[in-house]
Protein chains: 2
Amino acid sequence: MAKVLTFREENYSAWYNELVVKADLAENSAVRGCMVIKPYGYAIWEKMQRVLDDMFKETGHQNAYFPLLIPKSFLSREADHVEGFAKECAVVTHYRLKNADDGRGVVVDPEAKLEEELIIRPTSETIIWNTYKNWIQSYRDLPVLCNQWANVMRWEMRTRLFLRTAEFLWQEGHTAHATKEEAEYETKQMIDIYAKFAEEWMAMPVIQGVKSESERFAGALDTYSIEALMQDGKALQSGTSHFLGQNFAKAFDVKFTNKEGKEDYVWATSWGVSTRLMGALIMAHSDDHGLVLPPKLAPIQVVIVPIFRNNEQLSAISEKINPILDELKTKGISVKFDDSDTKKPGWKFAEYELKGIPIRLAMGGRDLENGTIEVARRDTLTKETVPFDGLVDYIENLLEEIQSAIFRNAKKYRDDHITEVDDYEEFKELLETKGGFLSAHWDGTVETEQKIKEETKATIRCIPLDNKQEEGKCILTGKPSKQRVLFAKAY
Amino acid sequence: MAKVLTFREENYSAWYNELVVKADLAENSAVRGCMVIKPYGYAIWEKMQRVLDDMFKETGHQNAYFPLLIPKSFLSREADHVEGFAKECAVVTHYRLKNADDGRGVVVDPEAKLEEELIIRPTSETIIWNTYKNWIQSYRDLPVLCNQWANVMRWEMRTRLFLRTAEFLWQEGHTAHATKEEAEYETKQMIDIYAKFAEEWMAMPVIQGVKSESERFAGALDTYSIEALMQDGKALQSGTSHFLGQNFAKAFDVKFTNKEGKEDYVWATSWGVSTRLMGALIMAHSDDHGLVLPPKLAPIQVVIVPIFRNNEQLSAISEKINPILDELKTKGISVKFDDSDTKKPGWKFAEYELKGIPIRLAMGGRDLENGTIEVARRDTLTKETVPFDGLVDYIENLLEEIQSAIFRNAKKYRDDHITEVDDYEEFKELLETKGGFLSAHWDGTVETEQKIKEETKATIRCIPLDNKQEEGKCILTGKPSKQRVLFAKAY
Ligand SMILES: [Zn+2]
Ligand SMILES: [Zn+2]
């Protein structure tokens, strides 16, 4: 096959950028840092959305929609939040354009200046808690379990398709509870849902853990995350769930009367995943030939390519294939029969390989005679000729096998790349050679974390849930430590 | 029942505003003109989205996502478009805030001024056609059939929940074609889909027609719309589909090589419906008691209220009801069993009436003895005691009957309010008394249309498709006319 992508070994970053564009997933737009999500990429995102949305609803959440714009002053209400989010955001200052005096185009109308500037939401805690104030008076109004699917904007200086863009799509859950325990339970429940989604649907193993103080969400008391490992040995934070305590309730004065008739501030959580998951999905499984998609999230799971010299042969093949198409569709398997005659089979094979269709079937004249069909697996790039009889069951099983195999591979790679280290020189060397997660002792201080980051670019990805407690010495300072934490370079 | 809403007869506008808020559909936010769509309102919108999205996909469209922000200069590229959309829009001028010098809050950082201002999309033709330029080279790349679900913003001075808000949610389809005929077919196909959705799902009769020149979308050669009639006699434009000719292709230089090897500009359409449909749905059917929802779009189709004095009685009722719940769910009917003991049955009845649940069942001790259950229809407010046996079939049929009845009622009202008028004085009087659509002759000039609008506030809603051709005289000028057009006051 002709080389269509830079090899991962040569330049992982170039490979990724080329793959995203050539597989028709997304592209850069005329607006700096803002992407266009192309139909094929969006179809994958829609599948993710549908599954996540169902999981949210099964756990009692409802969708709602809150304003895109946030009054500037709202950001300042929660002290940590403003530090985290006010700095790089899009600011709306005017509400009208007018024809330019020289007749060339339009200019901002200086008379249409807003009294207070509005910010395009970088996240919606502030506007939502300002709204919840009116929804919550008594314990009977609690819990409030809302989720929102929306676009948000953070003015990033260096952007990369899906991984870091100025505008991105996400869901943000915002819940309000009567007790601390309930809010803490919700925070953990949601990170658990994200982990389940990542592993069972994206076939991407993740580590659940809690963030160190300096990596926490701005305004949170605790941030939980799921961390995945990409093929270049770098970690990617794929979802977060925040226990916000009473911080936002206090900032927006949201109190309720509890069962005992006493007033208290409401407890909060927020949690989100974004189109960044697309980047994670792409990097977790794909290879030098292109995208590799887990069958459960592939918009097209099976493609069938007839190989024919004339219309007669195509008719004979179609006659055999048509009932298979119906059977597959009945089983909920999405299938495409590509009988177009404007492209050659070889072109089609390369195209579907690049786009990561999990199973490709090819049927030609000899198959017709022999009652066989050729089956190609995208994940292993292996081919096999199988009997046509029993094909539907064969495909159904194979899709499951591919889903499992992709997960097993990613898990093996991930597990092979968690290394316990006790020596700082080895730590630095491993980061540059093997990469992956380095499990090391840390003295628990922000200063040490900061110094390690400066010297190695590695950050503490998380303190895994149910972490083993063991005596040790901090890898940098030698001070006593009670547990290992996971370091890695990260996206 | 206690009066919870202003009566429609007293003040239709107040009735609407109160209903939207009290039925938990939406509310105003801290940002002028931007609404919060509450979970119950959003659940209805989600149902609408799902149905429309399926209809779009069945006709070959795919979803994609384009940037929220549009470079200011893009608006000026298409001459009519800039006139229509540049004037009232949110303008992003800066990308950073900083701490205020006095330490109080944050201020816009003057150093972070954008070279070119960005507009929050009021509609996306410009950014999308700028993108299509790179997607389209040959006739083989056509058609491009994209749809986007997104938020948009138009800085309206007078806003009303759902009907006219600064930010609203919508879908916008943008298609590119090789021929004029294909684009015209697409334009009509989509207005047809909107009409089908309005009538079969929203139970709202609509008139399909073409807009007069002055009511056309800015940049379109033809605008088709569906027009519905609200209970106050005012029309509501509920969806539009635009034939854009080659205007945007020329503005963004989108050419393709046709089958004959010749270059030509691409043909375009765009079409959209928005959360305005929520306003239409509410106003089309609801009454002084609250919301009336067509069963096909009701988030909860059936509610069951047990009437009990003690836990023993509740258990006996639950035992009867539980298998019914399962059976209804199996049939895809959404049902809620409200056995909470913190609210009285009377409170529940009023609440579910206000929220427009199509069918309410109530079961008490006497029903248990008699093997009956009370069925209340929201649309007619009638009650009936029916045998418990065969209840599921009864409900299934009743939901269909309610869907039809709501449509029949709305259609009868609409048909009764299309009046042929040939005299301008009568025209003015009818507008003030009966309202509705006035079918009248018009000389076809913008001047006449404008004058009628100034004098009566009525606009030409549309020239119905397949309009009867007949000789007549313009209602204002007496000049010759070949067909009647539909006038109405409109939202
Ligand atoms: Zn390795
Ligand atoms: Zn009337």
Side-chain angles (χ1 to χ4, degrees), chain A residues 27 29-31 34-43 45-46 62-76 82 86-99 104-108 112 117-120 127 130-131 134 140 146 150-151 153 155 166-167 169 342, chain B residues 27 29-31 34-43 45-46 62-76 82 86-99 104-108 112 117-120 127 130-131 134 140 146 150-151 153 155 166-167 169 342:
Chain A
E27 63 185 39
S29 77
V31 182
C34 295
M35 66 181 158
V36 171
I37 306 179
K38 298 184 77 174
Y40 189 57
Y42 200 85
W45 175 241
E46 276 184 308
Q62 292 180 297
N63 288 328
Y65 188 76
F66 298 87
L68 170 72
L69 299 178
I70 298 178
K72 189 191 66 180
S73 60
F74 277 26
L75 289 186
S76 317
V82 69
K87 296 315 153 56
E88 308 296 335
C89 56
V91 188
V92 176
T93 56
H94 291 75
Y95 58 84
R96 196 189 303 139
L97 299 176
K98 61 170 192 173
N99 291 318
R104 296 173 63 183
V106 283
V107 295
V108 176
E117 295 88 354
L118 299 166
I119 308 306
I120 297 181
I127 187 93
N130 185 68
T131 307
N134 303 319
R140 282 186 220 89
C146 281
N151 52 345
M153 186 159 263
W155 209 268
E167 182 189 16
L169 304 184
T342 54
Chain B
E27 63 185 37
S29 77
V31 183
C34 295
M35 65 181 158
V36 172
I37 306 179
K38 299 184 77 174
Y40 189 58
Y42 201 85
W45 175 240
E46 276 184 307
Q62 293 180 296
N63 289 327
Y65 188 76
F66 298 87
L68 170 71
L69 299 178
I70 297 178
K72 189 190 66 179
S73 61
F74 277 26
L75 289 186
S76 317
V82 69
K87 296 315 154 51
E88 308 297 333
C89 55
V91 188
V92 176
T93 56
H94 291 74
Y95 58 85
R96 196 188 305 139
L97 299 176
K98 60 170 193 173
N99 292 319
R104 297 173 63 183
V106 283
V107 295
V108 176
E117 295 89 354
L118 299 166
I119 308 307
I120 296 182
I127 188 92
N130 184 68
T131 306
N134 302 318
R140 282 185 219 89
C146 281
N151 51 346
M153 185 159 264
W155 210 268
E167 183 189 16
L169 304 184
T342 54

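What's counted below: heavy atoms across the whole structure, side chains too, no hydrogens, waters or symmetry copies. The chains referred to below are lettered A, B, ... by the order of the sequence lines, with proteins before strands, and numbering in each begins at 1. Computed from a prediction, not measured in an experiment: that's the story for all the values here.
In this structure, chain A has a heavy atom under 4.5 Å from the side chain of Phe74(B), while its backbone stays farther away. Using a 4.5 Å cut-off between heavy atoms, Glu117(B) touches chain A through its side chain atoms alone. Met35(B) touches chain A through its backbone: at least one of N, CA, C or O sits under 4.5 Å from a heavy atom, while the side chain does not. Contact annotation for Cys89(B): both backbone and side-chain heavy atoms come within less than 4.5 Å of a heavy atom of chain A. When heavy atoms are compared at a cutoff of 4.5 Å, Asn63(B) approaches chain A by way of both its backbone and its side chain. Within the 4.5 angstrom heavy-atom criterion, only side-chain atoms of Leu118(B), from C-beta onward, approach chain A. Interface residue Val106(A): backbone and side-chain heavy atoms are both found under 4.5 Å from chain B. Using a 4.5 Å cut-off between heavy atoms, Ser73(B) makes no contact with chain A at all.
The closest side-chain heavy-atom distance from Ile119(A) to Val92(A) is not below 4.5 Å. A 4.5 Å side-chain heavy-atom check between Leu169(A) and Tyr42(A) finds at least one atom pair inside the cut-off.
Between the CD1 atom in Ile37(A) and the CD atom in Glu27(A) there is a gap of 11.5 Å [rounded to 0.5 Å].
Between chain B and the options Ile120(A), Ile70(A), Asn134(A), Ile127(A), heavy-atom pairs under 4.5 Å are most frequent for Ile120(A). With chain B as the partner, the residue from Cys34(A), Ser76(A), Pro67(A) showing the most heavy-atom pairs under 4.5 Å is Pro67(A). Ranked by heavy-atom pairs under 4.5 Å with chain B, the list Val82(A), Leu68(A), Leu69(A), Thr342(A) is led by Leu68(A). Ranked by heavy-atom pairs under 4.5 Å with chain B, the first of His94(A), Lys87(A), Lys72(A) is Lys87(A). In terms of non-hydrogen atom pairs under 4.5 Å with chain B, the most contact-rich of Gln62(A), Lys38(A), Arg140(A) is Lys38(A).
For the side-chain contact (heavy atoms from CB on, under 4.5 Å) with Val91(B), the qualifying choice from Val91(A), Thr93(A), Val108(A) is Val108(A), the only one to do so.
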